[in-house]
Amino acid sequence: MSETLDSEHRTVLLRGGEVHSPADPFATAMVVERGHVAWVGSEGAADAFASGVDEVVDLEGALVTPAFVDAHVHTTATGLALTGLDLSSASSLAEAAALIRAHASARPADRILIGHGWDAARWPERRAPRRDELDELTGGRPLYLTRVDVHSAVVTTALLDLVPGIRDLAGFRDGEPLTGEAHHAVRAAAYAALSPLQRTEAQRAARRHAASLGIGTLHECGGPEISSEGDFTGLLDLARSEPGPRVVGYWADLDVERARALGAVGAAGDLFADGSLGSHTACLHDVYEDAGHTGVSHLDAATIAAHVVAATEAGLQAGFHAIGDAAVTAVVDGVRAASEKLGLARVRAARHRVEHAEMLTPETIAAFAELGLTASVQPAFDAAWGGEDGMYADRLGAERARTLNPYAALLRAGVPLAFGSDSPVTALDPWGTVRAAAFHRTPEHRISVRAAFTAHTRGGWRAVGRDDAGTLVPGAPADYAVWRTDELVVQAPDDRVARWSTDPRSGTPGLPDLTPGRDLPVCLRTVVFGQTVFDRPNE
């Protein structure tokens with residue numbers, strides 16, 4: 001797989017593999033022309049094209065699928081985690097301290113140190129690093145260090161000193177991780193301190209890594225409380241000027257015209273209706289099991305309704321970050337109020353989104369279906385924090401925790417699903433995401449590999465209003481990935497996948513066996529609009 005395409009206008013024949021296409025469930029070959037799929041079919045029929053193409057690629061038995069779409073990414077933060085300080089592997093406070101000290105020593109020229117991924121809930125010490133400890137570990141330099149959910153952070157004194165009035169902001173409690181307004185303020189200061197070179201290097205690293213995983217499209221979720229306008233527009237410019245996964249931008253701002261001016265397709269993404277469960281800031285109807293409060297609400301139903309009306313009238317998507325059940329209820333109530341003003345058909349046609357949507361009820365699931373809301377969700381959250389002994393159970397108790405992330409119920413109701421990672425909250429890992437949905441920790445929420453794969457490919461395209469992409473059929477954009485994988489299977493309905501599998505007699509093309517313990521497919525090549533953006537060196 002060492003060949004590369006030097007232009008999306010070349011005509012290429014891929015043959016001798018397995019092509020995952022609804023156009024032909026037994027396809028072994030595909031022709032790409034001018035950035036689109038031109039033909040899909042059998043090996044014998046491919047001979048007719050062999051003499052008229054610019055390149056013939058022997059797949060050597062490899063699997064070809066649509067490229068993945070990651071529907072929720074923070075690209076710069078992902079790149080900084082890849083190139084910088086990553087504490088996700090730290091199993092104790094002491095181990096995290098050693099990693100912080102080593103990183104500070106290795107980066108003497110950086111104006112600011114940025115890290116991610118600590119999770120005190122997994123550490124025997126059960127606490128975050130204190131500011132005085134961080135000051136000593138970094139030699140007094142500015143450090144911004146986010147919790148795994150990116151909704152709270154610990155920082156050094158030097159970084160606090162860059163934010164006048166920080167101690168008066170909501171979410172500042174001396175000696176505790178920063179949340180809310182205080183966290184947003186230090187995050188803005190930290191990102192403003194990045195050099196343009198640091199930022200661009202991080203964005204390139206994130207796109208390279210995504211391409212190496214068979215991801216062809218990233219939905220960037222930026223916003224004034226998340227990054228900066230320069231970060232957002234710089235990423236969009238980079239994606240237009242350099243090969244790599246395409247980037248679709250969402251700007252989380254109630255100012256719809258500002259989102260449009262920045263080149264966003266929606267005033268959406270992480271427009272916070274609440275926070276996160278890990279940081280006790282998701283907004284709940286009932287109190288947390290391990291805290292005497294119900295979290296934090298950032299948007300009420302009236303504000304949500306006004307935003308949906310403004311975005312719909314502007315021809316943009318609206319969307320909200322909503323995790324707790326009270327926050328999801330507020331979003332549903334607001335969107336319903338907007339539909340009463342504009343008409344249900346118009347609101348449904350806009351395909352507004354809800355990010356995360358972890359705590360759902362039968363009533364809110366039905367409302368998603370009624371209002372045409374896309375659930376942009378992250379199955380890796382359940383893999384990381386679900387189960388009887390996970391963070392969800394700590395925060396909510398086992399009974400409430402078992403209700404989270406009900407993917408089978410969403411599909412039964414006809415709610416569109418788009419899968420993502422929320423990287424760097426959880427890693428870019430598309431096949432791992434599909435596996436997490438198919439082997440959900442709560443069996444009744446499991447869906448089939450096929451349904452999960454669709455949510456992570458075609459679902460991401462549908463979430464931006466495109467119904468003509470995400471499958472390998474003639475006329476579709478030639479966004480695809482080539483995989484080395486083990487046996488392909490076609491699942492039959494059974495209790496494990498809550499009857500969301502495909503009958504083998506239907507002839508639906510097979511997908512890899514993702515049973516836990518088996519190796520995940522390895523990406524050999526990723527192509528975006530006919531242009532190769534990743535090619536694995538020969539091993």
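For the numbers below, each heavy atom of this structure counts, side chains included, while hydrogens, waters and symmetry mates do not.
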All pairs passing ring pair (Phe, Tyr, Trp, His ring centres under 6.0 Å) where residues 353-372 contributes a residue, at least two apart: His72-His356, His321-His356, His356-Phe381
What distance do Ile215 atom CD1 and Thr457 atom OG1 have between them, rounded to the nearest 0.5 Å? 12.0 Å
Partners meeting side-chain hydrogen bond (donor to acceptor under 3.5 Å, both in side chains) with [X] (sequence neighbours left out):
| X | answer |
| --- | --- |
| Asp389 | none |
| Glu176 | Arg173 |
| His307 | none |
| Arg204 | Glu242 |

Kindly write out the residues that satisfy salt bridge (Lys or Arg N to Asp or Glu O under 4.0 Å) with [X], not counting sequence neighbours, or none if the list is empty.
| X | answer |
| --- | --- |
| Asp290 | Arg395 |
| Asp253 | none |
| Arg351 | Asp467 |

Derivation of the side chain to side chain contact (heavy atoms under 4.5 Å, CB included) call for Gln378 and Glu358: CA-CA 9 Å; Gln378 296 75 39; Glu358 294 183 68; 5.9 Å; no
For [range], pull every pair meeting salt bridge (charged side-chain N to carboxylate O under 4.0 Å, His left out), keeping only residues two or more places apart or in separate chains.
| range | result |
| --- | --- |
| residues 360-387 | Arg336-Glu370 |
| residues 81-90 | none |
| residues 61-75 | none |

Stepwise, does the salt bridge (Lys or Arg N to Asp or Glu O under 4.0 Å) test hold for Glu388 with Arg441? CA-CA 9 Å; Glu388 296 294 320; Arg441 290 178 180 270; over 6 Å; no
Is Asp429 salt-bridged to Arg435, cutoff N-O under 4.0 Å?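 Judged by the 4.0 Å cut-off on N to carboxylate O distance, Asp429 and Arg435 do not form a salt bridge.
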Regarding Glu225 and Arg187, does a basic nitrogen lie under 4.0 Å from an acidic carboxylate oxygen? no
Minimum heavy-atom separation for Thr433 to Gly420, with atom names?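 It is CG2-O, 4.4 Å.
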Where does the angle between the aromatic ring planes of Phe453 and Phe68 fall among parallel (under 30°), tilted (30 to 60°) and perpendicular (over 60°)? perpendicular
Report the relative orientation of the aromatic rings in Phe232 and Trp251; use parallel for angles under 30°, tilted for 30 to 60°, perpendicular for over 60°. tilted
Does NZ or CZ of Arg353 fall inside the cone over Tyr250's six-membered ring, less than 6.0 Å from its centre and within 45° of the axis? yes
Any donor-acceptor pair under 3.5 Å linking the side-chain atoms of [Y] with those of [X]?
| X | Y | value |
| --- | --- | --- |
| Thr146 | His116 | yes |
| Thr75 | Thr78 | no |
| Glu355 | Ser376 | yes |

Which residues pass the ring pair (Phe, Tyr, Trp, His ring centres under 6.0 Å) test with His280, sequence neighbours left out? Tyr288
For Asp519, does the CG atom have more than 12 heavy-atom neighbours from other residues, nucleotides or ligands under 6.0 Å away?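 12 or below, so no.
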